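See below for the structure under consideration.
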Amino acid sequence: NAGVMQNPRHLVRRRGQEARLRCSPMKGHSHVYWYRQLPEEGLKFMVYLQKENIIDESGMPKERFSAEFPKEGPSILRIQQVVRGDSAAYFCASSSNQFTGGSDEQYFGPGTRLTVT
Amino acid sequence: DQQVKQNSPSLSVQEGRISILNCDYTNSMFDYFLWYKKYPAEGPTFLISISSIKDKNEDGRFTVFLNKSAKHLSLHIVPSQPGDSAVYFCAASGDQAGTALIFGKGTTLSVSS
């Protein structure tokens, strides 16, 4: 199965610790998006990356959050000094960006459920 | 300010009948619309999409209708099956590849047998 992979699926952190979430895009996809879903809410865009470049980070909180997509390896969403409000499901999506006059579909991974205690 | 709204949090339908899920948007710059289906503890799964140059797109039991003047789209599922029970998200984006999706809050569909 060459779908979007995310790990870990569940992550528990104490307040003040760091959380690292990993995402491997679908084979052939070079574009990665991170979304966050709070309870009873829809998914909210955080950041869009291509290999070694952040293209759009308009949805990222200004502090404590960072993302990267290195030349080799998965994309990583890093949350420093986590707080209880960071508890959410974090989804990664990938696309091929084969623009043909309409948007290309984004395919989602299973998500990482972060719980901050 | 929500740019994509799904005003019905839930919908219950009997097996074999039609399910109609609605979505409204406020941003006239949106050019592409998608529906995703989500089961608990899983990621959203792409269902069907429509470009703003069309008013209908059909794929098997799923049909999406777009009314640009009303800034409204709907997803029709016919016939509905128990396996369709899930949360359905409407999403919108601009016309450039690589733009973020703006999601509604979702509608929970329950199909009873």
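Since we're looking at a predicted model, the values are computed, not measured. Residue numbers begin at 1 in each chain, while the letters A, B, ... track the order of the sequences.
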- Residue by residue, which of residues 41-48 of chain B have a heavy atom closer than 4.5 Å to a heavy atom belonging to chain A?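 Only B:A41, B:E42, B:G43, B:P44, B:F46 of residues 41-48 of chain B have a heavy atom under 4.5 Å from chain A.
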Can you tell me if [atom1] on [X] sees more than 12 non-hydrogen neighbours from other groups inside 6.0 Å?
X	atom1	answer
B:R61	CZ	yes
A:Q80	CD	yes
A:R9	CZ	yes
A:K51	NZ	yes

- Verdict with reasoning, B:Y32 to A:E105, per side chain to side chain donor-acceptor pair (under 3.5 Å): CA-CA 10 Å; B:Y32 199 69; A:E105 288 81 21; 2.9 Å; yes
- Could you name each residue pair satisfying ring-ring contact (aromatic ring centres under 6.0 Å, His included) that touches residues 52-75 of chain B, not counting sequence neighbours?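 Residue pairs with at least one partner in residues 52-75 of chain B: B:F65-B:H76.
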- Item | salt bridge (charged side-chain N to carboxylate O under 4.0 Å, His left out): pairs with one or both residues in residues 57-67 of chain A, sequence neighbours excluded |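 Matches after skipping sequence neighbours: A:R64-A:D86.
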- Item | Heavy-atom closest pair, residues A:Q106 and B:Y36 |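 Where A:Q106 meets B:Y36 most closely, the heavy atoms are O-OH, 2.7 Å.
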- Can you see which heavy atom on B:F89 is nearest to which on A:G42, and at what distance?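 So the minimum-distance heavy-atom pair works out to CE2-CA, 3.9 Å.
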- Distance, nearest 0.5 Å, that separates NZ of A:K44 from NZ of B:K105: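 If we round to the nearest 0.5 Å, A:K44:NZ and B:K105:NZ are 6.5 Å apart.
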- Item | Separation of A:Y35 OH from B:F103 CZ (nearest 0.5 Å) |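 So the gap between those two atoms works out to 5.5 Å.
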- Would A:M5 end up clustered with A:L11 when hydrophobic side chains under 4.5 Å apart are linked, directly or stepwise?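 Different hydrophobic clusters.
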- Message: If hydrophobic clusters are built from ILVMFWY residues whose side chains come within less than 4.5 Å, do A:F65 and A:V83 share one?
- Response: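 No: no chain of side-chain contacts under 4.5 Å links A:F65 to A:V83.
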- Task: Counting only heavy atoms closer than 4.5 Å, note whether A:E40 contacts chain B via side chain, backbone, both or neither.
- Result: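 Contact with chain B is through the backbone of A:E40 alone.
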- Under the side chain to side chain donor-acceptor pair (under 3.5 Å) test, residues paired with A:T112 that sit two or more places apart: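 For A:T112, no residue satisfies side chain to side chain donor-acceptor pair (under 3.5 Å) once neighbours in sequence are set aside.
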